[in-house]
There are 2 protein chains.
Amino acid sequence: MTSKIIKGSIQGSKRGRGRPAVFDRDLALREAMNLFWERGYEGTSFDDLIAAMGISSSSFYNSFGSKEALYCEATQSYLEWSGHWFFAILNDPSIDAKTAFARLFAATAEEFTRGDHPLGCMISLAGTHCPPGMKNIREMMAEHRAFSEGAMAERMRKGIQDGDLSEDTDCDMLAAYYSAVARGLAVQARDGASHEKLAEIGRLAMRAWPARQGAEKVIA
Amino acid sequence: MTSKIIKGSIQGSKRGRGRPAVFDRDLALREAMNLFWERGYEGTSFDDLIAAMGISSSSFYNSFGSKEALYCEATQSYLEWSGHWFFAILNDPSIDAKTAFARLFAATAEEFTRGDHPLGCMISLAGTHCPPGMKNIREMMAEHRAFSEGAMAERMRKGIQDGDLSEDTDCDMLAAYYSAVARGLAVQARDGASHEKLAEIGRLAMRAWPARQGAEKVIA
DNA sequence: GGATTTTTGGAGCAATGACATCAAAAATAA
DNA sequence: TTATTTTTGATGTCATTGCTCCAAAAATCC
């Protein structure tokens, strides 16, 4: 979380002595994040990065270490931002599990199609289609995806305790399903689907939500 | 469909006269497809390709034209193969619409996790995260995705005619939903999800299938 | 067998990739 | 002001990328 030590220099802390950085590190990181988000790791070149960040090659090098290190930081930055709304909804104590997931997808539809940042999700789209040399990144992104899927499953388990879901609900599987839908929404967003289209897909996905015990009978 | 004319030479036809090709073009194309499927367009280098295809740089060049042209051919090759099982199920006249989609996802779960080729779907994962220079490929893949989504919607419209679905079903939206699930399955497969996990996600997705008219009442 | 036609291997090219170096510049502390 | 510390811009390196060219090789037809 705190700034990392890179090649002996510490960025962000220790005001005083030498010449202070002329660029806003957080802002530069944000620009990098947007580029990675839009184009992916491979799709973003060194030169693209330093141009967007407004810094020189060497500033880049001794502030961020390497392209890969920057990508990790940018990913963390993204997770911090997206985790904000994601967990706010998931952990809202005032709503039941089903409502939480419904709101999650409503928020997802909105966030994935906002005009002030790239479309879709940086995590969902990254590290699925890559060469052997990108194994680190691939695994890192897979872990992030597994993490959010795990958080969903956890929320569902709490839902069982709250009586929102039947005892015999397979939370891991249900979370895997909603996770898959979220990945699909990211692709749809990339392909230009509207906010309303994504929202409706989310609503349809909620129809798969399990009925409570004793209420699963349907008139044939 | 037939072999294309590249730089004056015609591959695959016109046996006779000059030295015949020593490599099997279809086999080489297959190898290229597998590599692109596994690593994506950017993730696959020229050298990777000619090594996997077992041909020289110049053979590659005058047989396939360019990396991008080869990618298009490989994509067509993939679509021909995947379209085989996809449309066989979608257009099976002996089953109703819901059964068709259920089988589609069962087949998807199986095909996405087979050991004899890369995991997931070449179309779902490609061209979502790429630099401006790959606009052609990005748009091509988006079109392919839209095509399969359209085919799903078409099948649903037939389902309405057959009485499998209520008249007021929004087929485009329902297809968008199932399309999104399919994209999500591809990501799950890439992240190592088992055949059974994918199959179960598909089953859960089918719970969103609309109830027939007059049967949508649920005992609260 | 000789002519013709096409493939093949290998060398090579310009452009780009990411990364690295270093002296000059700048801002603070003493 | 001077010494110190750190950033900065310019330039350099080394590997890779996708592509091209060309002479030698090989297989068919006459």
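Each chain gets a letter, A, B and so on, in the order its sequence line appears, and its residues count up from 1.
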(Q) Can you tell me how the ring of B/Trp81 sits relative to the ring of B/Tyr78, calling it parallel under 30°, perpendicular over 60° and tilted otherwise? (A) tilted

Q) Relative to each other, are the rings of A/Tyr41 and A/Tyr71 parallel, tilted or perpendicular (30° and 60° limits)? A) perpendicular

Q. Does a side-chain N or O from B/Tyr61 land closer than 4.0 Å to OP1 or OP2 of D/dT20, or not?
A. yes

Q: Sequence neighbours left out, what passes side chain to side chain donor-acceptor pair (under 3.5 Å) with A/Lys197? Give chain and number order.
A: B/Glu149

Q | Counterpart residues, side chain to side chain donor-acceptor pair (under 3.5 Å), relative to B/Ser194 (two or more places apart) | A | none

Listing request: all salt bridge (charged side-chain N to carboxylate O under 4.0 Å, His left out) pairs with a residue in [range], at least two apart in sequence or in separate chains.
range                       : result
residues 183-195 of chain A : A/Asp191-B/Arg145
residues 113-124 of chain A : A/Glu111-A/Arg114, A/Arg114-A/Asp116
residues 40-58 of chain A   : A/Arg39-A/Asp48

Q. Where along residues 125-142 of chain A does a heavy atom fall under 4.0 Å from DNA chain C?
A. none

Could you check how far [atom1] of [X] sits from [atom2] of [N], rounded to whole Å?
X       : N      : atom1 : atom2 : answer
B/Leu70 : D/dG18 : CG    : P     : 12 Å
A/Met53 : D/dT7  : CE    : P     : 14 Å
A/Ile50 : C/dA20 : CD1   : C1'   : 13 Å
B/Tyr71 : D/dG18 : OH    : P     : 14 Å
A/Phe60 : D/dT8  : CZ    : P     : 14 Å
A/Arg25 : D/dT8  : CZ    : P     : 12 Å

All salt bridge (Lys or Arg N to Asp or Glu O under 4.0 Å) counterparts of [X], not counting sequence neighbours:
X        : value
A/Glu196 : A/Arg203
B/Glu143 : none
B/Glu110 : none

Between the protein and nucleotides 16-18 of chain C, list every N/O to N/O distance that falls short of 3.5 Å.
residue : atom : partner : partner atom : Å
C/dA18  : OP1  : A/Lys67 : NZ           : 2.5
C/dA18  : OP2  : A/Phe46 : N            : 2.3

Pairs: protein N or O with nucleotides 9-14 of chain D N or O, under 3.5 Å:
residue : atom : partner : partner atom : Å
D/dG9   : N7   : A/Ser56 : OG           : 3.4
D/dG9   : N7   : A/Ser58 : OG           : 2.6
D/dG9   : O6   : A/Ser58 : OG           : 2.6

Can you list, pair by pair, the side-chain donor-acceptor contacts under 3.5 Å of residues 125-133 of chain A, counting residues two or more places apart and other chains?
residue  : atom : partner  : partner atom : Å
A/His129 : ND1  : B/Leu125 : O            : 3.3
A/His129 : NE2  : B/Phe36  : O            : 3.4
A/His129 : NE2  : B/Trp37  : O            : 2.8

